[in-house]
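Any value given below was found using the heavy atoms of this structure, including those in side chains, with hydrogens, waters and symmetry copies removed.
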Number of protein chains: 2
Amino acid sequence: MLGILPAERPAMPASPADSRSTREREPAPKTLAARRRAGRPAAAVLDQAGITAAALRLIGKNGYDGLTMAALARSLNVAPSALYNHVESKRDVLLLVEDHLTALVDVTAFAAEPWESAVRKWAWSYRDVFAEHTPLIPVIAVLPVTDAPQTLSMYETVSGGFRAAGFPEERIVSAIVALESFIFGSAYDVTAPADIFDSGSMAESTPSFTGAVRSLAAQGHEKPADVAFSLGLEALIAGFGALRE
Amino acid sequence: MLGILPAERPAMPASPADSRSTREREPAPKTLAARRRAGRPAAAVLDQAGITAAALRLIGKNGYDGLTMAALARSLNVAPSALYNHVESKRDVLLLVEDHLTALVDVTAFAAEPWESAVRKWAWSYRDVFAEHTPLIPVIAVLPVTDAPQTLSMYETVSGGFRAAGFPEERIVSAIVALESFIFGSAYDVTAPADIFDSGSMAESTPSFTGAVRSLAAQGHEKPADVAFSLGLEALIAGFGALRE
DNA sequence: ACCTGAACACCGTTCAAGT
DNA sequence: ACCTGAACACCGTTCAAGT
């Protein structure tokens, strides 16, 4: 995964300051930032690819709670305000991260396999990528594709696959949107706690639901989120497959 | 809708202070809160039902950005810290709102109609309620049902409907979860801007997707979010219906 | 153009003091 | 038990000053 990070590079060019990197955990490493004096540096310290990579590192380490503009700046050895020379807002940072992650979704099967199995692979891959990044879902869901080139590229490949499989053109977008809606909702489901359906002290007043939950648990092994995703996905594939001409 | 608010009542018992209510728009109505001196009041000013109703009013007026603990306290004429005698956190407030809204979802058809049309009505109602409240979706998706009695009650009715329709017990929860995932994702889709699929200057490099978008737009009239929701929902209903015994 | 440093207008939450 | 008022440790963002 690290190998796919954009513009793999250290936050700063190697310098004597690196010998102090063991102190990075200190609460206020002001001294590190102070190393660089005010005014425009000879070469730009930041760019969007570096900001994206740093954000992904931060998210990987501390989750989305740890992704603050201050923490992002600190990890890049700049003042928080420096970030605003490269992004307009924190939402822009999330958008950069989103577009980078979308490029990780596997669409290769659309070039090589029948429609059913291509959609299946794409959907599972898409869900798996964003299950780790659910805080991005509200961003993606309202994101004009113009602002996210990799995302647009994914849509082009997927819609091409639908078209080649004989889908009526006017149904392609609706089918993709429906699949995506299911995928986004299912990504949340992956993050739900194991006891989410424990009805606790209310069990006696909810016999039907409690029984259904117990019956599912008795089935055992497979993760409930995966069982539900598979069930829904196969129904959608079967239903949409019937639209093909 | 107002008639279904919990414990319909003013934020404070009628009092001479009400004559100053025209000043409530003032930036810092400290004087109103100062009207009540420190120490425990004779009768409690706050309760969870009142907090829920005030939160819903605030959301209705200014959206979820306007729902801050400070604004909530101001609308209830108390200091922000007073809220913490009745809720543990802001998340608790969102949970109260969520459970109240879930009670608005229409499950009545499960008692009176065939399974297909009951699921259809429930799903549309569920989506419509939360399309106006998408910031709650991350909360619901991870919410143990124990903490939300109305939500648990909805599950009981729905799972009872599935059972009565001949669903194998061990599939009921998975089918409901899959439907919910689709519903939550589709609720986001309702809020997407109309030009979300405008590929802009990239149109020439994405012919397949751009053509599909144009073809959908040419169909006209119906809202794209509704078309996609209908398409996915009918596929899920048809696919799940086949599981019945 | 692109950095620093100081400042702004917020957040949610805690806690002592009061009745 | 349930309020006020002050305080805390944050947020994202703006902007003048510097090179």
Side-chain angles (χ1 to χ4, degrees), chain A residues 11-13 15 17 27-51 54-55 58 62-96 135 139, chain B residues 11-13 15 17 27-51 54-55 58 62-96 135 139:
Chain A
M12 280 184 73
S15 83
K30 246 178 208 167
T31 53
L32 276 176
R35 190 65 48 96
R36 184 167 44 239
R37 71 186 198 279
R40 183 189 184 194
V45 181
L46 297 175
D47 59 29
Q48 291 200 335
I51 291 172
L58 226 46
N62 309 317
Y64 279 82
D65 285 348
L67 182 64
T68 68
M69 295 303 269
L72 187 56
R74 199 182 321 129
S75 82
L76 288 163
N77 237 297
V78 296
S81 50
L83 294 168
Y84 290 87
N85 290 306
H86 303 270
V87 296
E88 280 195 346
S89 64
K90 182 175 181 181
R91 190 171 182 278
D92 264 14
V93 175
L94 294 176
L95 212 140
L96 288 171
V139 178
Chain B
M12 280 183 71
S15 81
K30 247 178 206 166
T31 52
L32 276 177
R35 190 64 50 95
R36 185 166 44 242
R37 72 186 199 278
R40 183 190 186 197
V45 181
L46 297 175
D47 58 30
Q48 291 200 337
I51 291 172
L58 227 44
N62 309 318
Y64 279 82
D65 285 347
L67 182 64
T68 68
M69 296 301 271
L72 187 55
R74 198 182 323 128
S75 82
L76 287 164
N77 237 299
V78 296
S81 50
L83 294 168
Y84 291 87
N85 291 306
H86 302 270
V87 295
E88 280 194 347
S89 63
K90 182 176 179 179
R91 189 173 183 279
D92 265 11
V93 175
L94 293 176
L95 213 140
L96 289 170
V139 177

If I take atom [atom1] in residue [X] and atom [atom2] in nucleotide [N], what distance separates them, rounded to the nearest angstrom?
X       : N      : atom1 : atom2 : result
B:Arg36 : C:dG18 : CZ    : C1'   : 14 Å
A:Leu76 : C:dC3  : CG    : C1'   : 13 Å
A:Arg74 : D:dG12 : CZ    : C1'   : 14 Å
A:Leu67 : D:dC10 : CG    : C1'   : 15 Å
B:Arg91 : C:dT13 : CZ    : C1'   : 16 Å
A:Leu83 : C:dC3  : CG    : P     : 9 Å
B:Lys90 : D:dC10 : NZ    : C1'   : 15 Å
B:Gln48 : D:dC2  : CD    : P     : 11 Å

Looking only at the side chain of [X] (C-beta and beyond, no hydrogens), which of the listed nucleotides [options] gets closest?
X       : options               : value
A:Thr68 : D:dC11, C:dC2, C:dT19 : D:dC11
A:Tyr84 : D:dT13, D:dC2, C:dT4  : D:dT13
B:Asn85 : C:dC2, C:dT13, D:dC3  : D:dC3
A:Arg40 : C:dC3, C:dT13, C:dC2  : C:dC2
B:Met69 : D:dG18, C:dC3, C:dG12 : C:dG12
B:Ala38 : D:dT4, D:dC11, C:dC3  : D:dT4
B:Ala79 : D:dC3, D:dT4, C:dC3   : D:dT4

Check your understanding: Want to settle it: does B:Ala82 or A:Gly39 sit nearer the 5' end of DNA chain C, counting the closest nucleotide to each?
Key -> A:Gly39
Point to revise | Complementary nucleotide for D:dC11 - Watson-Crick or wobble, under 3.5 Å | key: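 Per the H-bond distance test, none.
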Point to revise | D:dA16: pairing nucleotide in any strand, Watson-Crick or G-U under 3.5 angstrom | key: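 Paired with C:dT4.
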Evaluate the side-chain proximity of [Y] to [X]: yes if any heavy-atom separation is below 4.5 Å, no if none is.
X       : Y       : answer
B:Met69 : B:Val93 : yes
A:Asn85 : A:Leu46 : no
B:Leu95 : B:Val87 : no
A:Leu58 : A:Leu72 : yes

**Study point:** Atom pair CG/CG of A:Asp92 and A:Leu83 - distance to nearest 0.5 Å
**Key:** 11.5 Å
Check your understanding: Any side-chain N or O of A:His86 less than 4.0 Å from the OP1 or OP2 oxygen of C:dC3?
Key -> yes
Practice item. Could you check whether A:Ser81 gets within reach of a base, just the sugar-phosphate, or nothing at all, counting any heavy atom under 4.0 Å? Key: base
